[in-house]
Colleague: 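Take a look at the following structure, please.
These numbers come from the heavy atoms of this one structure, side chains and all, not from hydrogens, waters or symmetry mates. Computed from a prediction, not measured in an experiment: that's the story for all the values here. Chain letters run A, B, ... following the sequence lines, proteins first and then strands; every chain starts at 1.
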Number of protein chains: 6
Amino acid sequence: MRFDGRTKNELRPIHIETNYLKHPEGSVLITVGDTKVICAASIEDRVPPFMRGQGKGWITAEYSMLPRATNQRTIRESSKGKITGRTMEIQRLIGRALRAIVDLDALGEKTIWIDCDVIQADGGTRTASITGAFVAMAIAVNKLHEDKKIAAFPIKNFLAATSVGKLEQHGIVLDLNYVEDSAALVDMNVIMTRSGEFVELQGTGEEATFSMVELQELLASAQEGLNELFEAQKAALGKIADKIPNMEGGK
Amino acid sequence: MRFDGRTKNELRPIHIETNYLKHPEGSVLITVGDTKVICAASIEDRVPPFMRGQGKGWITAEYSMLPRATNQRTIRESSKGKITGRTMEIQRLIGRALRAIVDLDALGEKTIWIDCDVIQADGGTRTASITGAFVAMAIAVNKLHEDKKIAAFPIKNFLAATSVGKLEQHGIVLDLNYVEDSAALVDMNVIMTRSGEFVELQGTGEEATFSMVELQELLASAQEGLNELFEAQKAALGKIADKIPNMEGGK
Amino acid sequence: MRFDGRTKNELRPIHIETNYLKHPEGSVLITVGDTKVICAASIEDRVPPFMRGQGKGWITAEYSMLPRATNQRTIRESSKGKITGRTMEIQRLIGRALRAIVDLDALGEKTIWIDCDVIQADGGTRTASITGAFVAMAIAVNKLHEDKKIAAFPIKNFLAATSVGKLEQHGIVLDLNYVEDSAALVDMNVIMTRSGEFVELQGTGEEATFSMVELQELLASAQEGLNELFEAQKAALGKIADKIPNMEGGK
Amino acid sequence: MRFDGRTKNELRPIHIETNYLKHPEGSVLITVGDTKVICAASIEDRVPPFMRGQGKGWITAEYSMLPRATNQRTIRESSKGKITGRTMEIQRLIGRALRAIVDLDALGEKTIWIDCDVIQADGGTRTASITGAFVAMAIAVNKLHEDKKIAAFPIKNFLAATSVGKLEQHGIVLDLNYVEDSAALVDMNVIMTRSGEFVELQGTGEEATFSMVELQELLASAQEGLNELFEAQKAALGKIADKIPNMEGGK
Amino acid sequence: MRFDGRTKNELRPIHIETNYLKHPEGSVLITVGDTKVICAASIEDRVPPFMRGQGKGWITAEYSMLPRATNQRTIRESSKGKITGRTMEIQRLIGRALRAIVDLDALGEKTIWIDCDVIQADGGTRTASITGAFVAMAIAVNKLHEDKKIAAFPIKNFLAATSVGKLEQHGIVLDLNYVEDSAALVDMNVIMTRSGEFVELQGTGEEATFSMVELQELLASAQEGLNELFEAQKAALGKIADKIPNMEGGK
Amino acid sequence: MRFDGRTKNELRPIHIETNYLKHPEGSVLITVGDTKVICAASIEDRVPPFMRGQGKGWITAEYSMLPRATNQRTIRESSKGKITGRTMEIQRLIGRALRAIVDLDALGEKTIWIDCDVIQADGGTRTASITGAFVAMAIAVNKLHEDKKIAAFPIKNFLAATSVGKLEQHGIVLDLNYVEDSAALVDMNVIMTRSGEFVELQGTGEEATFSMVELQELLASAQEGLNELFEAQKAALGKIADKIPNMEGGK
C-alpha cells in the first residue's frame, strides 16, 4: 500500500472539465489527484517563419506554474526575466508530442498554441498537461472543422501521458505524486497513442540506474494507466471523440 | 440600461471562494462577472534587504494574466523576458494599497507575498485583485495569529477597490466590464477602507478630461459599489472578519 | 512656515528656459526649486505599428534621471538592463497626460517623442517633467505648423502638473520638495488643463489614508499652484501661446 | 548500405585525444566521424548554494556550439542574450547522466564543471559530449585522487552514450549522422553504464511513433555501439581505467 | 579654412563650469564647441569585490548620451536593455585613463564613480568627457583631502584628451566636430599628461590607413590642443590646481 | 632573456593550419605559442539593414573564449546573458581592421562573418585572431572569386597584428604572453598592412604612461614581428597570396 493508500498500478482520481475558460477555442481544467492544470488551445491563422509556404500547420506549447502552485512559493519566470531549463524541456515535450498525432498537412497553415498553466502541483504536472492539452486541442480543432475551416479532421489518434517510477520501498509504481517523485530512484514519462505506439519515452535514473527487466515492468505499468486516461479523454470529448479514428491497428 | 443589462450604479455579481488552493497560507478565487482572479497570500519569515533590522514587516504583490485570460492570446511576460509597464503599475498598486491598512510593526519582520493571477479577464482585473487579495491576506494573517506567531492582529481596516468611469452614452457608471472600459472617456480606480477613507485614487482621462462635478459623481458611485464589496469580504471571511476593527470612526 | 521658508500654498521658484538644446524640434530646461529637468520634443514621421493606417498621431514619453541627480548615486537603468517600475509609471503618465490635450487627428500619422531627463532632483520630478514637456511639445508642434506640415494647430489646451500632500506637521501643502515628499502621509499628483478640467488625479496614502474633506483641500491647493504654472508656460511660449485656445469654457 | 557506406549497426570512427587543453584539470577532443567536441572538466572547491553543508559534491555541465560548427552559421547564444531550449536540455542531460555514476559523497563538497564545446557538428553531438565528458571527468578526478584530495576514487562505473533511430529507408540504424538524423522517424538516445544498466533513455517520435517491438530492436542496436565506446574510453584512460570498478554485476 | 572657420590646429571654444550639480562631490559642465557633457564624480567608501583587501582605491566610469543629444534621436540604452559596444569602449577608456594619473594606494579603499552624461553632441564627446571628468574628480578628491579622509593628495598629474584626424580635404586637423568626424579617413584620440607622457593612444583608419609620417603629424597637432586644455583645467580648478605636482619632469 | 627564453624582439612560434573546419567557406587554426584560435569566415548573401542598397559589402566579427581557454574557468557570456565590454571591444576591432584592407565596393552586397573562438589563451588572443582571421577571410573570398561570384579580388593588402609592451624588468618587448601581459606597464596593439601603413594603433598605460621615445621603440619592435607574421600568412595562403597586390608602394 502506497503513502496515499493506492496500490502500485493505481492512478489518482482523474477529472477533465471541458470549456473551462470563456475566451479560448478549446480549454479544460484537468485534475489528477491534487495536480490541477488549465489547458487552453488557441488557433492562429499563420505559422512561424520557418514553416511558411509549406502548406502545413504547426503546434507549439507553453507551460507555466503559478508561484503558489507549489508548497514553497517559486519565483515567477517573468520576474527572473528568463525561463528555466525545466520549463523549456516541458514545453518542447508537449508540443512535440501533440504534433506526432496530428496530420499537419490537413491542418493547413495554422498554428495551434497550447497553454498549460499549473494551478496546483502535486507531481505529474507534465503528463497531466499533455493529457489535458490533447482534449483542449481536440475541442479547438473540432471548432475549425465545424466551421468548415478545415476539410478533414486532422487528429489521427488519442494521446495521453503518465509517469511511472521505481521507489526504494515499493518498487515499480504508477502515477507518482510529489512525495513519491522526490524519492524516486527512477522516473519515467511515457507518452502513447491509444493504439499502443510510443510517441515519447523518457526514463531517467536519479543518481541511479535501471535494468532491462525493470524497463519492461515500468512500461507495463504505464500501459495500464494510459488505458484509463484514454477512457477519461473519450468521456470528456463526447461526440468529438467519434471523429478520432478507432485505432486498433495503429498508425 | 447598460450593455449587459445593469443599471448605472450596479456591480456585477461577486463571488469569493476562500481556500481555493491547497498550498498557500491564504487563497481565494474571486469572481466579478466574467473576471476571475486567483489571489494567494504567502508568509515569508524575513523582509527585503532595504527593510532589515527595523522590526517591521513588508507586503509585496505580483500580478499576472494567463495568456488566454484575454480574448486575443497575449504573449507571456516570461517569454518576452520582461514585465510590461502595465503589470508593474498594477503590482505596485496592490502592494501599496494593502500596506496602508496593515500595522507593519505588529507584523514584525515578515513579508507577505500576494500573488494575483488572472484566470479570465473581462475588465476590472486590478480592482478585483485588490478586493480578493485583501481576503487572502486576512486568512494568511489569521493563521499567523492563531499559531501565536504574532501577538496582535495587524489588519486595521477592510480594504476594497472598484472602478468607475464616464461613458459617452451612459455618463458615470460603476464597475466597468471590458467593453465599457475600452470605450470609457474617463477611467477611475477607487481604493477605500470600510471607514470611508481613501487609500488610493487614480482617475485618468483617456484622451479626455473630467470636471470637479464629475469627480464628485464618480466618487459617489464608487462608494456604493465599495459598500457591497465590503459585505462580500465580510461574508467570505466569516469569524476572521470579527478580528478586524469595527471602523466607524476611521483610522 | 515650511522647512524651506515657504507658506503652505506656495510653489518653489519656477524657471523655463526654451530652446535649451540645439538638435531637438522643441526643448526646455525647467527649474522648479532645485529640481531641474531637460525636456525635449522630437517629431517622427510615422506612428507605432498598433496605430498605423488610422490617420492619427501618437505621443510617447521617456523619463530618466542622471545617476547623480540624486543625493545618493543611483544605478543607471541601462547598467541594470531594465527599467524600474517607477520609471515606467512616470513615462506612461507623461505620455497619457499630453495625449489628452492634443487633437491626434489633426496631428496626422506622426509621433511626438518626449524625453524628460532629470539633471537634478529635489522632489516633484514627474510634475516638473509634465509642465516642461508641454512647453517643449508646443514649440515642436509650432515648428510643424509654421512649416505647413500640419494644417490646424493641434494643441487644444494648456496642461500643467503639480503635487500636493499631507504632512504630519503642516497638514496640506503645495509642491513638495524631496524632504517633504519622503515624510508625506498622502501624496497627490494633479494634472489639469488651464480650463480647470482634470486630466489625471493620483492620490496615494503612504501607509496612511485620506478623507473626502482632505481630498477637497488637496485639490484646492493644487489649483492655486497650477494657475501659477500656466502663467509661467504662457510667458515661456510667447507668441506660440496665442495659438492655444483661450479656454475659459473648457474642452 | 547506408548513405556513408556503414552497415546498420556500425558506429562511425571514434577517436579520443586526452589532455587536449593546457589549462583544465581534465580534457579531451572526442571525434565521432565528422563530429568533434572539446570536453573539459574543471574542479571547483565548493558546491552551489542548494547543496551546501551536506558534505556531497555536485556535477554540472555546459554545452555550446561554435557558430560554424554547423553547415549554416548559427547565431551565438551570447549575442542573443539567452540560451536556447535545446542547449538547456542537453546540458541538463549531460550533468544528470554523469551524476548517476559518481559517488557524490566520496567526492566531498566539490563541483565538477563539464564544458562540452562542439567544434564541428555532424549529428550525435550530445552523445559524443557525454562519452567524451566521462573521460575528461575521469582524468580530472584522478588528479584529485593522486593529489590525495579525495580518499576513495568516486567513479563507480563507465558511462557512454549513443543514438539509434528509425529511418524510412533502412529501418533501425546505429549512430546517426546529421543527414540521417534530419530524416529519422524515431530518434533515441541511450545512456548506459558498462554493466548494462540504463542511466537515461530518451526516445522521440518525430511526427511519428514507434512500437514495443521497435523499441527492443533500437535498444539492442544501441548496446552494440555502447560496447565499442566503452573500449575506446578504456583505451584512452589507460591506467586510470583500472580505478573504475570492473562492473560485471552492475551497481 | 575648415567648415566652421577654424584653422587646422585650432581647438573649438572651451568652457568648464565647476560645481554644476548640487549633489555630487565633484561636478562640471564642460563645453567644447557645441559638445556639452555633465561630468560628476562620486566617492564611495568601498571598492569592488575584485579589489577588496588590497588597501587600494578604484576609479570607474559610466558614459551615456541623452536621446536628443544627437541630431537624430537615439534609442535609450535602458529601453534596449543593453549597453552598446561603443558606450562600453568609452566608459572603459575613461576609467582606465583616470586611473593612470591617480595614486590608488594613496586613495585607500574608496571607489570614485565618474558619470559623463552627454547633453549635446557635436563630435569629441569621449575626449571632452575625459577632460571634464579630470576636473570633477579633482574637486571630489580635494573634498576628501580637506575633510582629512585621505592624507596625501593622490592626483599625480593633469590629464586631458583631444582628437585629431585626417580629412580628405584638409589633411591633419585638430579637435574634429561631428561633420568632420563623419568624413575622417583617420581618427585618433590622444590622452596625455601635462608632462607630455601618453596615457592612451588610439588611432583608427576608417576603411583607410595612415603612415608613420602622418602619425608624427597627428601627434604634434594633438600636443598643441592638449596644452590649451591643460590651461583651461588649471583655470577651472583654481587653488586646487596647486595640489597637483608641477610636472615638468614627467612621472 | 625573457621568462620563456625569448629575446626582446622575438615572436613566439607561429603555426597557421588552413581549412581546419569542414563547414565554413574559410577557416584556420592559428597557434601563437600556447594561444590557439579557430578563425572561420562565412559568406552571407546580404548586408545588414544600415548598409542596404549601397551596392557595398560588409565585414563583421565575433570573438569568444571557451570557458577553459583560460587558467581559471571563466563564466560563459551566454550564461550571463550578456557580452562583456572586453569582448565587444575586441570584436569591433577585428571587424574594423579587416574592413580597412578590403574593397567593399568590389565585394558587392555580401557580408563576411568572422568568428574567432579562442580554444586556448596565453596572451595576444586579439592579435592572433586578426592575423588568423585575415587568412580565413582570404580563403573564403577566394572561393567567391573562383566561383565567379565576384569579378575582382577585393583584398587590397595583407593585414596582421601583434602586441608590444613595456615591462618593468625587460623594457620594450614583442608579442607578450599572458604572464608578461599581466605585468606590463604599457600594452600596445599594432595592426598594419604589409606595405607598412597603420590600420589601428592602440597603446594603453596600465596605471602608467609612456613617452614619445618609448612609442618609437614600441613601433619598431612591432614592425619586426609583423614582417614575420606576413610571411607566415603568405606561406599558409599559397597561391591565393598571389592575388593580393604586391604592396611595396602602399595603398
Colleague: Other residues, nucleotides and ligands only: do more than 12 of their heavy atoms fall within 6.0 Å of NZ on A/Lys82?
Modeller: no

Colleague: Side chain from CB out, backbone as N, CA, C, O: work out which of these in D/Leu219 comes under 4.5 Å of a heavy atom of chain A, or both, or neither.
Modeller: side chain

Colleague: Could you check which of A/Glu214, A/Gln91, A/Glu89, A/Met188 has the highest count of heavy-atom pairs closer than 4.5 Å to chain D?
Modeller: A/Glu89

Colleague: For A/Leu104, is it the side chain, the backbone, both or neither that has a heavy atom under 4.5 Å from a heavy atom of chain D?
Modeller: side chain

Colleague: Does D/Lys234 have more than 12 heavy atoms from other residues, nucleotides or ligands lying within 6.0 Å of its NZ?
Modeller: no

Colleague: When rounded to the nearest 0.5 angstrom, what distance separates CD in A/Glu207 from CD1 in D/Ile59?
Modeller: 8.5 Å

Colleague: With only heavy atoms counted, which part of A/Thr84 is less than 4.5 Å from chain D, the side chain, the backbone, both or neither?
Modeller: backbone

Colleague: Does OH in D/Tyr178 sit with more than 12 non-hydrogen atoms of other residues, nucleotides or ligands closer than 6.0 Å?
Modeller: no

Colleague: For residues D/Met88 and A/Gly85, report the shortest heavy-atom separation together with the two atoms involved.
Modeller: SD-CA, 3.0 Å

Colleague: For A/Leu93, is it the side chain, the backbone, both, or neither that has a heavy atom closer than 4.5 Å to a heavy atom of chain D?
Modeller: neither

Colleague: Determine the option with the most heavy-atom pairs under 4.5 angstrom with chain A, choosing from D/Arg92, D/Gln202, D/Glu200.
Modeller: D/Arg92

Colleague: Out of D/Gly205, D/Ala97, D/Ser211, which one racks up the most heavy-atom pairs below 4.5 Å with chain A?
Modeller: D/Ser211

Colleague: For atom CZ of D/Arg46, decide whether the heavy atoms of other residues, nucleotides or ligands shown that lie under 6.0 angstrom number more than 12.
Modeller: no

Colleague: Under 4.5 Å from any heavy atom of chain D, what part of A/Ile191 do you find: side chain, backbone, both or neither?
Modeller: neither

Colleague: Tell me, side chain or backbone of A/Met212 under 4.5 Å from chain D's heavy atoms, or both, or neither?
Modeller: both

Colleague: Show the nearest heavy-atom pair for residues A/Leu201 and D/Phe210, with the distance to one decimal.
Modeller: CB-CZ, 4.3 Å

Colleague: Looking only at heavy atoms, which two atoms of D/Ala100 and A/Ala208 are closest? And how far apart?
Modeller: CB-O, 3.8 Å

Colleague: With a 4.5 Å heavy-atom cut-off, do D/Asn157 and A/Thr209 have their side chains touching?
Modeller: no

